[in-house]
Amino acid sequence: MNAVRQWSERLIGAVPIIGLLALWQAIAMSGLAPPALLPTPGVVFARFFQQLGSPAFLDHAAVTLYRLFAGFMIAVVMGVTLGIAAVGSRAFAAIVTPVVRVLAPVPKIALYPALTLTLGYDDASKIALVIADAMFPILLATYQGASAVEPKLAWSARAAGVSPVRTLFTVVLPAAMPSVLTGARIGLIISCIVVFLAEMITSTDGLGHLLMRAARNFQTVDMFVPLIAISMLGLMLNALFNLVRRRLLRGFPEEK
Amino acid sequence: MIAIEGVSKRFDAARDRRHLALNDVTLSVAEGEFVSILGPSGCGKSTLLYIVGGFVEPTAGRVLVKDVPVRGPGPDRGPVFQEFALFPWKTVLGNVMYGLQQGGVPRAEALARSRELLTMVRLSAYENFYPKELSGGMKQRVAIARTLAYRPNILLMDEPFGALDAHTRTGLQNDLLHIWDKDRKTVLFVTHSVEEAVFLSDRVVMMSSAPGRIKQIFDIDLPRPRSRAELLLDRRFQDYVVEIEKMFDDTAQQAPA
Ligand SMILES: Nc1ncnc2c1ncn2[C@@H]1O[C@H](COP(=O)(O)OP(=O)(O)OP(=O)(O)O)[C@@H](O)[C@H]1O
Ligand SMILES: [Mg+2]
């Protein structure tokens, strides 16, 4: 019964995506855009699956995945640590809050030229950009969530003789986990977008670079393939994220 | 054991909303004594308990525990909160073991001690359940076991049975007395129920509100160990309940709405 419902929910979830593809197909066939500029989804997907067999393409995808994942993980560690520390120490919060207010709205992509000059054109500058963009939503969600934790949870730990710092990490952080993970999910999506953008601007490898190379050579089919690839990567990471999330949030009332 | 000396607490929510929650409360509790605190809602019972626990600082006065001024929470005073305050991400066993593991007790010993406590509160079959999967009375028993685990000398219980139905409540009262009879911890017990206070306590402290003060202290001179069935028939028990209830009604009527 439950399995049936799960599958039917998944099928319903596929409907809008099929709709999107149908729209794409319709526009491509309507002649609004010349076929040379807008290939049909069938052609693009055929090329995508063909590329999945190409080691060179997989290398580019792997490079993108590495930058994305490394940047995201560092952003999680930094955002969570800074957010929790700001809840734990008023002095630290007094330093961090204005810095966050000033830096959060800055378009980090504008820093990218400076990052490439200091960190080079390789992985480091792209990872740094991902961190800069993904960290803020995680930091803010952690801070908000940890500030709202019921004080009696922390009191229960303190009464058991647990130090304030340990209480912060063993009680306040887990109690704020639903909020932290919401921030992390937004951070993950931002990471997908930003790593691609960085690779489009200056890179010699990665999915973003593939897109730019195809565009320069008017290979329109190959232009769409990296987009499909990054979307698939995002889907995979999201599924992985949900797995971790379900484990971490076991026991929370709002989780099924 | 506990000496509350001239404790006052004022909350300054805003300049026009100053509130004197406690005014010059003095009370001493002997080692092994079971003292209940009764009083109208909002008279500062929880606040007083939090101050003894070291979670909230008094505006004036001080609390001594074994002649040492309280400067913060410590494992000599175990709180049991009205809202249970269980860790939702930990199982029943995980909740009870938490303090022991953090305190560096070896895992095997922490496990044995926690299981023993869960047996005592009759929850051994539920050790792998999460708090959300338990009833209110079961959660309360987990909270009590979690606090007993680090063996505090003093228990600070804030209406622990307040949210429970009458049957569960009397069951837990019996359990609590049974546990208490074993090692006679010092207990400060906040409640709304006169009967509960008389049944459990050596002394009942009646507070009045706005500002919260101690109005009267009743010595409950009933034999121990107490059994509910016997006490309900005991004339002295009935007299205590009637007398304190009458005082409670007067206090509540005097309280500004
Ligand atoms: N953090 C706070 N800020 C401002 N006022 C507070 C705060 N905590 C408590 N008070 C006030 O102090 C008074 C006493 O509150 P407290 O919770 O100690 O009452 P109580 O006797 O435990 O009531 P109840 O029986 O309803 O639990 C109340 O009038 C309340 O408004
Ligand atoms: Mg209260």
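Below, read A as the first sequence line, B as the second, and so on, with proteins coming before strands; counting in each chain starts at 1.
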No-hydrogen, no-angle side-chain donor-acceptor test under 3.5 Å, A:T170 and B:Y98: yes
Heavy-atom neighbours of B:Y126 OH exceed 12 at 6.0 Å: no
CG on A:L153 to CZ on B:F84, rounded to 0.5 Å: 13.0 Å
Atom of A:A159, atom of B:F55 and distance for their closest heavy-atom approach: CB-CZ, 4.0 Å
Over 12 non-hydrogen atoms of neighbours within 6.0 angstrom of CD in B:E5: yes
B:E83 CD to A:E150 CD distance, which is reported to the nearest 0.5 Å: 6.0 Å
Side-chain heavy-atom pair A:L249, B:W89 within 4.5 angstrom cut-off: no
Residue B:Y50 versus chain A: region with a heavy atom under 4.5 Å: side chain
Heavy atoms from other residues, nucleotides or ligands near CD of B:E57 exceed 12 (cutoff 6.0 Å): no
Plane angle bin for A:W155 and B:F81 - parallel if under 30°, tilted between 30 and 60°, otherwise perpendicular: tilted
Atom CZ of B:R184 with >12 non-hydrogen neighbours under 6.0 angstrom: yes
Taking every non-hydrogen atom, the tightest pair across A:P253 and B:K132: CA-CD, 3.8 Å
Chain A interface, residue from B:G99, B:G53, B:P75 that has the most non-hydrogen pairs under 4.5 Å: B:P75
Nearest-0.5 Å distance that lies between atom CZ in A:R250 and atom OH in B:Y130: 3.5 Å
More than 12 heavy atoms from other groups under 6.0 Å of CZ on B:R18: yes
Contact winner vs chain B - A:A154, A:G161, A:S156, A:S163, heavy-atom pairs under 4.5 Å: A:S156
Residue B:D67 excluded, over 12 heavy atoms near CG under 6.0 Å: no
Chain A contact via B:L100 - which portion, at a heavy-atom distance below 4.5 Å: neither
Heavy-atom pairs under 4.5 Å with chain A, option from B:Q102, B:E133, B:R146 with the top count: B:Q102
